[in-house]
Each structure stands twice: as structure tokens, then as C-alpha cells.
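I have placed the structure first, in the form of C-alpha cells, so that the comments after it can refer back to it.
Side-chain atoms are counted along with the backbone in the values below, which use heavy atoms only and exclude waters and symmetry mates. Letters A, B, ... mirror the listed sequences (proteins, then strands); counts begin at 1.
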There are 2 protein chains.
Amino acid sequence: MTDFHLDDFMPYQLAVLSSQISREFAELYTDRFGLSVPEWRLVAHLSQTREPVSVREIFERVDMDKSKVSRAASRLEQRGYVIKSVNPSDRRLVELRLSENGRAMVEELAPLARRYDQRCLEALGEAEPAFREAVRLLLESRRASGDT
Amino acid sequence: MTDFHLDDFMPYQLAVLSSQISREFAELYTDRFGLSVPEWRLVAHLSQTREPVSVREIFERVDMDKSKVSRAASRLEQRGYVIKSVNPSDRRLVELRLSENGRAMVEELAPLARRYDQRCLEALGEAEPAFREAVRLLLESRRASGDT
DNA sequence: TTGACTTCGTTGCAGTTGCAACGATATTGG
DNA sequence: CCAATATCGTTGCAACTGCAACGAAGTCAA
């Protein structure tokens with residue numbers, strides 16, 4: 001027995017926590033719209049702007065391999081939630097954006113997401129804002145150093 | 001554009017954060033010992049006690065499917081890090097525990113893990129203990145309600 | 001302009017995953 | 001004791017994943 005304590009080891013704790021949460025939340029959008037996790041992530045990301053977004057921009061921010069993004073985008077296009085087009089000024093780039101259907105789906109999902117989010121952190125009580133801030137900080141710090 | 005803000009949505013933020021961290025940390029043990037992520041998780045769990053642990057106990061706590069645990073255990077047994085045996089008093093149960101080699105591996109990994117853990121939360125400054133506590137709380141709250 | 005080099009997204013492939021089904025074992029009720 | 005039911009871990013399978021290789025498109029320097 002070393003003095004290594006799993007309960008204090010954040011990479012492990014975070015992995016367990018986030019995969020539990022993610023799977024739990026996933027029920028909401030798989031039941032209703034048949035989205036996979038990567039598909040939901042892509043949609044969620046696209047919902048943040050009306051500007052078209054390239055595959056590259058997404059996998060850089062979202063920690064998905066570019067092939068994952070690419071395949072998610074194709075499936076979503078097939079089902080009519082996403083529109084893919086070629087960027088005219090740089091034809092290597094693919095522009096992704098939500099279709100009307102896609103936006104409607106997000107409209108419907110958004111309140112569920114917000115509610116789940118709240119219920120999820122309920123246990124924290126007044127520590128909740130501090131926790132949110134901490135997560136934000138960690139992500140930011142690792143953007144700064146990480147991808148150089 | 002709905003008023004859904006991804007930056008405030010914890011399931012998403014946690015997923016990104018934890019997968020980045022997990023992948024980053026994974027380099028340490030894949031480089032040195034050729035462990036996959038589930039294998040490391042199993043080893044880490046087993047390192048917490050000298051008592052043998054059943055497959056069931058592990059996948060309940062660690063958010064891995066039982067087949068994942070089972071396969072990780074087999075590979076680790078082949079490589080001599082884990083010992084599998086049948087529980088004599090209930091022959092359905094498989095007892096898992098670390099071999100000597102397995103313990104030696106953990107001895108070597110533990111300091112790296114601790115150091116990484118620290119460096120990881122460094123950005124939080126004095127907010128770090130509060131963050132750790134919050135994560136602990138969340139996991140606990142969800143054990144209480146979740147698996148009934 | 002041309003040729004070397006870079007960047008972008010897709011695809012082939014081998015390995016991994018989750019789920020359901022299974023055999024083996026244990027428990028329960030009559 | 002036996003039959004019905006439940007639990008445990010493994011395995012088959014189809015889907016998914018990450019990586020590397022690729023073609024297409026752009027950039028840069030000579």
C-alpha cells in the first residue's frame with residue numbers, strides 16, 4: 001500500500017464524475033432526438049453562434065478528434081440538423097452551422113439542459129458559484145499553456 | 001440563438017476538462033507501462049487495498065461497464081500485474097488483486113500521479129481545497145441518489 | 001510559374017466500446 | 001429437495017474510436 005489515495009486524485013475523480021453526469025444527461029437527448037454524445041456536443045457548440053464554424057475550430061475547443069467531428073457533422077447533415085458548405089475564400093475549410101431544424105432542436109433541449117445543470121450542482125449549495133468559477137479557471141489555464 | 005450558454009453548462013465543461021486531463025495524464029502511464037486508460041483505472045482502484053475486489057464492486061464505483069473491467073483485468077493478468085482467482089465462498093465472484101509487479105508499478109506511478117495532480121490544480125491557487133471538496137461532494141451526492 | 005511545404009477534412013483500418021445474451025453459480029419459496 | 005429466479009463475469013457483435021494516410025487546397029520563396 002503506497003500512500004497514494006485515489007479519493008484525492010483529481011484526474012480520476014473528475015473522470016468518474018463527468019462520465020456519470022454525461023451519461024445521465026445523454027438520456028435526455030438520445031431519447032428525444034437520437035443524438036449520440038459527439039453529435040450533441042457539436043450541436044451545442046454550433047448553437048453558440050450564427051456564424052459558420054470550421055471543423056478545425058471545433059475539435060480544438062471541444063477535445064474531439066477531427067474525424068469524430070467530421071463524422072458527427074455528416075450524420076447531422078443527413079438528418080437535417082446541420083448544414084455543411086465549403087468556405088469560398090479558403091476551399092479547404094468546411095463551414096458548419098445549424099439548420100432551422102437544428103435550431104428548433106436546441107430550443108427544445110436548452111431548458112432541459114439548464115434544468116439538469118442546476119439539479120446537478122444542487123448538492124453544492126452556496127459553494128456552487130465558486131465551483132463553476134474554478135472549472136472555468138482550469139479550462140482557461142489549460143488553454144493558455146496547453147495547445148501553444 | 002437561445003439563451004443557452006455552453007460556458008455555463010457543467011456537463012459539457014466537465015467533459016472537456018476531464019478528457020483533456022485524462023489524456024494528458026495517460027501519457028505518463030502509457031509511455032512507461034503500456035497501460036490503457038481502463039487498465040490504469042483498475043490498477044489504481046486495486047492499489048487502494050490489499051483485500052481482493054470483485055469485478056462488480058469495481059464497475060459500480062468506477063463507472064466502467066463490467067465487460068470493460070473484465071477485459072482490463074484479463075489483459076493485466078496476462079501481463080502479470082493482476083491476479084485473478086475465484087472466490088471460494090461464492091464461486092460466481094472473481095477476486096482481483098495486484099501482484100507484486102502490480103504493486104511495484106503503482107509505487108513507481110504514485111509520485112508521478114501526485115505531482116501531476118498538484119500541477120493540474122495549480123491554477124486554482126487558494127481555491128483548490130474548496131474545489132476538491134466540491135468534487136467530493138458531487139460524487140457523494142450522486143452515489144446517495146443514483147444507484148439506489 | 002513552379003516545386004516544396006503546410007493545412008484542412010475525410011476515410012481505411014485495427015482496436016475498443018457498450019449492450020445483450022449466455023453459462024455457471026447461488027438464492028429463494030414451496 | 002426441486003424448480004424458478006437472480007446474480008456474476010465472459011463473450012459475440014455491431015457501432016464507435018483514434019490514428020495515420022491521403023487528396024485537395026493554400027502558401028511561400030525563388
So do the side chains of A:M10 and B:V135 get within less than 4.5 Å of each other, counting heavy atoms only?
yes
Between the axis at one end of the helix from C:dT1-D:dA30 to C:dG30-D:dC1 and the axis at the other (five pairs apiece), what's the angle to 10 degrees?
30°
side-chain hydrogen bond (donor to acceptor under 3.5 Å, both in side chains) partners for B:E57, two or more places apart:
B:S54
I need the CZ-P distance between B:F59 and C:dT17, as an integer number of Å.
16 Å
Any side-chain heavy-atom pair of B:Q48 and A:F4 under 4.5 Å
yes
What pairs of residues pass the ring-ring contact (aromatic ring centres under 6.0 Å, His included) test when at least one of them lies in residues 52-111 of chain A, not counting sequence neighbours?
none
Quick one: list whatever passes side-chain hydrogen bond (donor to acceptor under 3.5 Å, both in side chains) with A:S74, sequence neighbours left out.
A:K84
Atom-pair distance (CD on A:E60; P on C:dT7), nearest Å:
11 Å
Taking side-chain hydrogen bond (donor to acceptor under 3.5 Å, both in side chains) as the test, write out the residues that go with A:S19, two or more places apart.
B:D63
Specify the residues of residues 33-42 of chain A, ordered by number, for which at least one heavy atom lies under 4.0 angstrom from an atom of DNA chain D.
A:P38
Partners of A:D90 by salt bridge (Lys or Arg N to Asp or Glu O under 4.0 Å), sequence neighbours excluded?
A:R92
Considering only heavy atoms, which members of residues 72-92 of chain B lie under 4.0 Å from some atom of DNA chain D?
B:K84, B:R92
In short, A:N101 meets A:G80 closest at the heavy-atom pair CB-O, 3.5 Å
With sequence neighbours excluded, tell me which residues meet side-chain hydrogen bond (donor to acceptor under 3.5 Å, both in side chains) with A:E133.
A:R136
Residue pairs passing the salt bridge (charged side-chain N to carboxylate O under 4.0 Å, His left out) test with at least one member in residues 29-41 of chain B, sequence neighbours excluded, are B:R32-B:E108, B:E39-B:R75, B:E39-B:R79
Hits for salt bridge (Lys or Arg N to Asp or Glu O under 4.0 Å) against B:R114, two or more places apart or cross-chain, chain-then-number order -> A:D3
Can you work out whether A:R71 or B:V94 has the more 5'-proximal nearest nucleotide on DNA chain D?
B:V94
Give me the first and last nucleotide of DNA chain D, going 5' to 3', that has any atom under 4.0 Å from a heavy atom of chain A.
D:dT17 to D:dG26
Ring pair (Phe, Tyr, Trp, His ring centres under 6.0 Å), that's the test. Do B:F9 and A:F25 meet it? Break it down for me.
CA-CA 11 Å; B:F9 187 50; A:F25 178 66; 5.1 Å; yes
Have a look at A:K68 and say if it touches a base, only the backbone sugar-phosphate, or nothing, with a 4.0 Å heavy-atom cut-off.
sugar-phosphate
Quick one, A:R132 and A:D117 - any side-chain contact, counting heavy atoms below 4.5 Å?
yes
